[in-house]
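This report refers to the structure that appears directly beneath it.
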Amino acid sequence: MFRTIEWLDDTSQVRLIDQTKLPLVLEYIVTGSHERIAEAIRTMEIRGAPAIGAAAGMGMALAALESKARTIGKMIESLEKAAVTLNTRPTAVNLTWATTRMLQVARTTIGSVDTIIQRLIEEAKEIAEEDVRMCRRIGENALELIKPSFTIQTICNAGSLATVDLGTVGAVVRVAHERYGGNIKVYSAETRPRQQGARLTVFEFMKDNIDTTLITDGMIGTVFREGRVDCCVVGADRILRTGHIINKVGTYTMAITAKYHKIPFYSAAPTSTVDMETAPDDVIIEERDPDEVRMINGEYITVPNAKVYNPAFDMTPPELIDAIITDRGIVRNPTEKKMRALLSK
Ligand code: MRU
C-alpha cells in the first residue's frame, strides 16, 4: 500500500507516516535526528512491533551520522547512548533486537568511522527490506490455514502501518484476498484506548477494498456467538520460547472467548519478534499515561482524576493459541521444542 517508514538516500533522512493523525490526515515526518525518531516511537507517531524495530534501526544510522566522533571507540560510545535513547517502549522485542543488531554491526566493522556509518545505513535499509520479505512469506505460509471466503477477526493494527509495508495480519489478509479472488472479510476490534483498530486497520483495509466491519472490543463475544468469523488472527509484540504471545491488551480476552466458541486463534509475526531468552514472568508490560483511558480526542470521558490502570499489552498462553504463523513456517500448538525447531530452520 505505502511504506510506513523509509530511508531517504538523497538527504540521508528518515520519512515516516505520522500515525497519530490517521485516518483523517495523511502526514509525514521527515527527520535527520535520532532523538526525533525516539520521540516518534514514544508518542506512537510510529507504532507496531516491526515498524518500531525498523525505526530504531534507522535511528541508529542517524545517530552515527549525527555523531561528532572521530575514533571508532567514541563512535561506539555514541551508538550505545543512542540505543538507550531509542529504547523508549519496553514490550515489543523488535526495538532491542534492532538496536542490538546495529551495535553488533558497528562493533564488527573493520575500517574507519566513515565505513561504520555507511555499513549502518546499509544495515538499517536491510532491516526494513527484510521485514517486507518476511511479511510476504507470513502471508504465503498462512494460506495453509486461511480458506476462501474466510472472515477474520483481528484486534489493534498489525497491518501495513505496523510494519514497513504489508503487515503481518495485513499480509495474511492481503495475500489470501489476492489469491482467492477478493473474498476475504475482516472484523476489526476498535482497540481501546488508542483505537488502532478503528483508526488504522479499518483505514488501510478499506483503502485496499477489503470488506471490513468495525466493532467495539466488548462486542467480540457476540460476534463469535453469532458465528460471524471463521478465525482470529492477531499480531505479536513478543513471542516467548514457551509459545506465549504478548500483544495489544484485549488479545488475551479474545483468545479465551475464541476457545469457548471453538474458533481457531492464530498469531502472525516475523521471527524477529521471537524472544528465546525471557521467561513469561519477566516480560515488562508497558503501562501508559492514565489520560489515554480518561480521555477520547482530548476530552475527558470520566472524572478527570479517576483512578486508572492502563497496561498496553497482555500475555496469551500457548494453550489458547492454535498456531503461530511466521516467515519460517507455521507452529501449531506451540511448545518450547517447536519454537526451537522453528528458529533452527
Ligand atoms: O501499542 P502498539 O500500537 O504499538 O501495539 C501494536 C500491537 O500490539 C500489534 O499487534 C503488534 O505490534 C504486532 S504489529 C505487526
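Just follow the structure's listing: the first ligand is 1, and inside any ligand the first atom is 1. Predicted model, so just to flag it, every value in this text is computed and none were measured.
- Heavy atoms of R194 come nearer than 4.0 angstrom to ligand 1 in no pair at all.
- With a 4.0 Å heavy-atom cut-off, ligand 1 is reached by the backbone of N157 but not by any atom from C-beta on.
- When all heavy atoms are compared, the tightest approach of P318 to T242 is CG-O, 3.3 Å.
- Looking at R47 next to ligand 1, an N or O pair under 3.5 Å apart turns up.
- The two residues G197 and S188 come nearest to each other via the heavy atoms O-OG, 3.2 Å.
- Note on E129 versus R3: salt bridge recorded, some NZ/NE/NH1/NH2 to OD/OE distance being below 4.0 Å.
- Residue-to-ligand polar distances keep T168 apart from ligand 1: every N/O pair is separated by 3.5 Å or more.
- In the vicinity of P50, heavy-atom distances shorter than 4.0 Å reach the ligand 1 atoms 14 (S), 15 (C).
- With a heavy-atom cut-off of 4.0 Å, M44 touches ligand 1 through its side chain alone.
- Using modelled atom types, one finds a donor on one side chain and an acceptor on the other under 3.5 Å when comparing T99 with N87.
- In A49, the parts holding a heavy atom less than 4.0 Å from any atom of ligand 1 are both the side chain and the backbone.
- At under 3.5 Å, a nitrogen or oxygen of G48, whether backbone or side chain, sits near a nitrogen or oxygen of ligand 1.
- Taking 4.0 Å as the cut-off, A236 counts as a neighbour of ligand 1 on heavy-atom distance.
- Nearest-residue assignment for atom 2 (P) of ligand 1 (options Q195, Q196, Q19; heavy-atom criterion): Q196.
- The residues E80 and R107 are annotated as salt-bridged, a charged nitrogen and a carboxylate oxygen being separated by less than 4.0 angstrom.
- Using modelled atom types, one finds a donor on one side chain and an acceptor on the other under 3.5 Å when comparing D327 with T271.
- Short contacts between ligand 1 and A158, defined as distances under 4.0 Å to a heavy atom of the residue, involve ligand atoms 14 (S), 15 (C).
- Contact atoms of ligand 1 toward R89: 1 (O), 2 (P), 4 (O) (distance under 4.0 Å to a heavy atom of the residue).
- The pair E286-R288 counts as a salt bridge, with a side-chain nitrogen and a carboxylate oxygen less than 4.0 angstrom apart.
- Proximity of A312 to ligand 1 is not established, as no heavy-atom distance is less than 4.0 Å.
- Minimum interatomic distance between L16 and A40 (heavy atoms only, all atoms of both residues): CD1-CB, 4.4 Å.
- If you look at K248 next to ligand 1, the close heavy atoms, those under 4.0 Å, come from the backbone and the side chain alike.
- A donor and an acceptor atom, one from each side chain of Q13 and T11, are located under 3.5 Å apart.
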Go through E126 and R101 one step at a time and tell me if the salt bridge (charged side-chain N to carboxylate O under 4.0 Å, His left out) criterion holds. CA-CA 11 Å; E126 178 52 22; R101 174 166 162 175; 5.0 Å; no
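- Of all atoms in ligand 1, numbered sequentially from 1 with element shown, those under 4.0 Å from a heavy atom of A162 are 14 (S), 15 (C).
- Atoms of ligand 1 found under 4.0 Å from any heavy atom of N247, numbered from 1 in the order shown, are 7 (C), 8 (O), 9 (C), 10 (O), 11 (C).
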